[in-house]
Peer 1: 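If you scroll down you'll find the structure; I have some questions about it.
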Amino acid sequence: MSEIQNLGTEDSSQKGEELLQQDIAELGPIIGEVNAMSCALDKKVKFDIVVMPADGTRCRRIAMVSMFSYLTSCTYILSRDEFISRKYKMEEMYQQFVEGDEAWKSIDPSEDPFVEDEKKEITIGTVSSSLKSLGYLFEQEQMLTITNYQGAAKGELRVNYYPVKEDGSIITEEDDIFVDDPDSLVGQPLRLSLQIPYARGIPKRFESVYCRYKFFLDAEHTVTEKMTGQNPEFAFSHTHECVPVTDQFVDYLEKTSLVIEVVGTQIPVPMKPGDERTTKQLMASNFTANQTPLALMDPEKQAIMSELESTKRRAQKQQNKLIKVQELLDTAMSEESDTISVADLQKVLQSNANSLGIAVAVFKMKTARAKDEGTLFKTTAQAVAVHEEVRQEAGQTKSKACTIL
């Protein structure tokens, strides 16, 4: 938890890289040892160090171990602790081999440290999406690139976020509910619908594909249904509630990107008939049955694109307000009126119904007959802004207003 609390600081970032280098330095020699044992026993398995990126459950990169089977073309990711545990069993098997004891040949596959369950689920890839727009009650619809730990593209995932009302209906542009400052949500109820309609272009060697993620303080993953095919239709929707909104939740929306994992099981691809190369020969030839060009997509770039879209939406909202104010002004001028209804102007400016303050403005029109021929009136507008702070005293609503000219 302390690691998460220090997220984003320069010192913690440097410390995280130091820990990563220590892990790599520790695992390097062990990787060499187990690959040598795999060659000696001809287990058709190769181990490598992989660096896993930071995500929603950890704030720094960590070293893990990939386990590739030449027999099935399947790759599995092992944690450091799991790998070390297997290493001790490998040493036991290797010692039997050295001593001429062939007991290692009859070990049950479920106990063999060089074998992994073919039905073991793996993370095909992840997407990362900024949540900042939700702090302004903007919906967000994105098609995000699924990338694996190497940065290779593994398809695309449709992810939609919608702020919703208590009855579950989506807040739309027509509702004209807008938040200038996410902090104004504190103390108010907030409901957000997260939808994952479908994925496209999942590699065909995966099956039983589903998505999972952890939102805010969730201890368990929220998961979609398992689907098959390269273009799975998840049709997933889940509403997350924060009642009431806290400072911590606002901070979460502002600074955190939601990481969604795309998970599945691998379909084994056996070696070609007649391929009698040994493990040592396979490693020497750098044989990989599943080589594909890397199509890189930086997760940080995805987050920046999301934030840029959110900023554009907020700017458009402000522009729409100005247009509506201008329409009220034009209407008053056409009717030769010297006032604008406070209620009408309040409806335009107060787009956030949950705000703790009420902002109203009155435009007083001053007209004067123009000297120019053909011009009857010259109109100017002077804005008077009134901010009314609403407070509660002894169970009754009290108010205190101040006027700014």
Side-chain angles (χ1 to χ4, degrees), residues 8 129-142 160-166 169-194 216 240-258 303-329 340-363 381-392 397-405:
S129 178
S130 171
L131 300 174
K132 185 170 290 187
S133 66
L134 293 175
Y136 297 89
L137 298 186
F138 285 144
E139 76 276 9
Q140 183 168 287
E141 300 176 343
Q142 296 177 301
N160 301 331
Y161 304 104
Y162 301 103
V164 296
K165 303 173 187 176
E166 187 173 358
S169 61
I170 296 174
I171 296 175
T172 65
E173 294 282 347
E174 288 71 23
D175 294 309
D176 199 26
I177 298 177
F178 174 64
V179 175
D180 294 299
D181 182 359
D183 287 336
S184 65
L185 294 173
V186 174
Q188 307 298 324
L190 182 61
R191 297 169 178 84
L192 306 170
S193 174
L194 192 155
F216 194 34
H240 297 273
E241 296 186 352
C242 190
V243 183
V245 172
T246 62
D247 289 324
Q248 185 182 11
F249 184 70
V250 171
D251 194 58
Y252 169 75
L253 295 181
E254 283 285 298
K255 299 179 180 179
T256 304
S257 291
L258 181 68
I304 291 173
M305 291 171 64
S306 297
E307 292 185 17
L308 178 60
E309 181 63 25
S310 176
T311 301
K312 288 168 62 179
R313 294 287 301 280
R314 295 199 301 272
Q316 184 61 48
K317 275 284 189 180
Q318 296 290 14
Q319 182 65 29
N320 291 341
K321 284 186 179 182
L322 293 177
I323 292 174
K324 291 180 180 179
V325 170
Q326 184 63 50
E327 290 175 352
L328 291 177
L329 183 59
I340 293 177
S341 167
V342 172
D344 290 343
L345 198 52
Q346 179 179 341
K347 184 177 179 181
V348 172
L349 297 180
Q350 186 194 352
S351 55
N352 176 21
N354 294 326
S355 175
L356 297 180
I358 302 175
V360 296
V362 178
F363 280 85
Q382 177 182 8
V384 179
V386 179
H387 184 69
E388 185 177 31
E389 299 289 349
V390 178
R391 54 192 173 87
Q392 297 285 335
T397 300
K398 303 290 184 180
S399 65
K400 180 178 180 181
C402 94
T403 302
I404 305 173
L405 297 178

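Remember, predicted model here, so these are calculated numbers, not experimental data.
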Peer 1: Residues in side chain to side chain donor-acceptor pair (under 3.5 Å) with T246, at least two apart?
Peer 2: none

Peer 1: Got a sec, which residues hit side chain to side chain donor-acceptor pair (under 3.5 Å) with E141, two or more places apart in sequence or on another chain?
Peer 2: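 In terms of side chain to side chain donor-acceptor pair (under 3.5 Å), with neighbours along the sequence ignored, E141 is linked to Y162.
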
Peer 1: Checking E241 now: which residues fulfil salt bridge (charged side-chain N to carboxylate O under 4.0 Å, His left out) with it, not counting sequence neighbours?
Peer 2: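 By the salt bridge (charged side-chain N to carboxylate O under 4.0 Å, His left out) rule, E241 matches R191.
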
Peer 1: Within the 4.5 Å heavy-atom criterion, are P182 and E254 side-chain neighbours or not?
Peer 2: yes

Peer 1: Rounded to the nearest 0.5 Å, what's the gap from CG on D181 to OH on Y136? Could you check?
Peer 2: 6.5 Å

Peer 1: Are L131 and L192 packed together at the side-chain level, in the sense that at least one heavy-atom pair is separated by less than 4.5 angstrom?
Peer 2: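 The answer is no, as the side chains (C-beta and beyond) never meet within the 4.5 Å cut-off.
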
Peer 1: Using every non-hydrogen atom in the two residues, find where G135 and L185 come nearest and quote the distance to one decimal.
Peer 2: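 Smallest heavy-atom distance, with atoms named: O-CD1, 3.4 Å.
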
Peer 1: Enter the distance from I171:CD1 to F138:CZ here, rounded to the nearest 0.5 Å.
Peer 2: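 It comes to 11.5 Å.
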
Peer 1: Check side chain to side chain donor-acceptor pair (under 3.5 Å) between Y252 and all other residues, then give those that pass, not counting sequence neighbours.
Peer 2: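 With neighbours one apart ignored, the set is empty.
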
Peer 1: Mind checking side chain to side chain donor-acceptor pair (under 3.5 Å) for N160 and listing every partner two or more places apart, or none if nothing turns up?
Peer 2: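 Result, side chain to side chain donor-acceptor pair (under 3.5 Å) vs N160: R158.
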
Peer 1: Check salt bridge (charged side-chain N to carboxylate O under 4.0 Å, His left out) between D183 and all other residues, then give those that pass, not counting sequence neighbours.
Peer 2: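 By the salt bridge (charged side-chain N to carboxylate O under 4.0 Å, His left out) rule, D183 matches no residue at all.
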
Peer 1: Is F216 close to Q248 at the side-chain level, that is, under 4.5 Å between some pair of heavy atoms?
Peer 2: yes

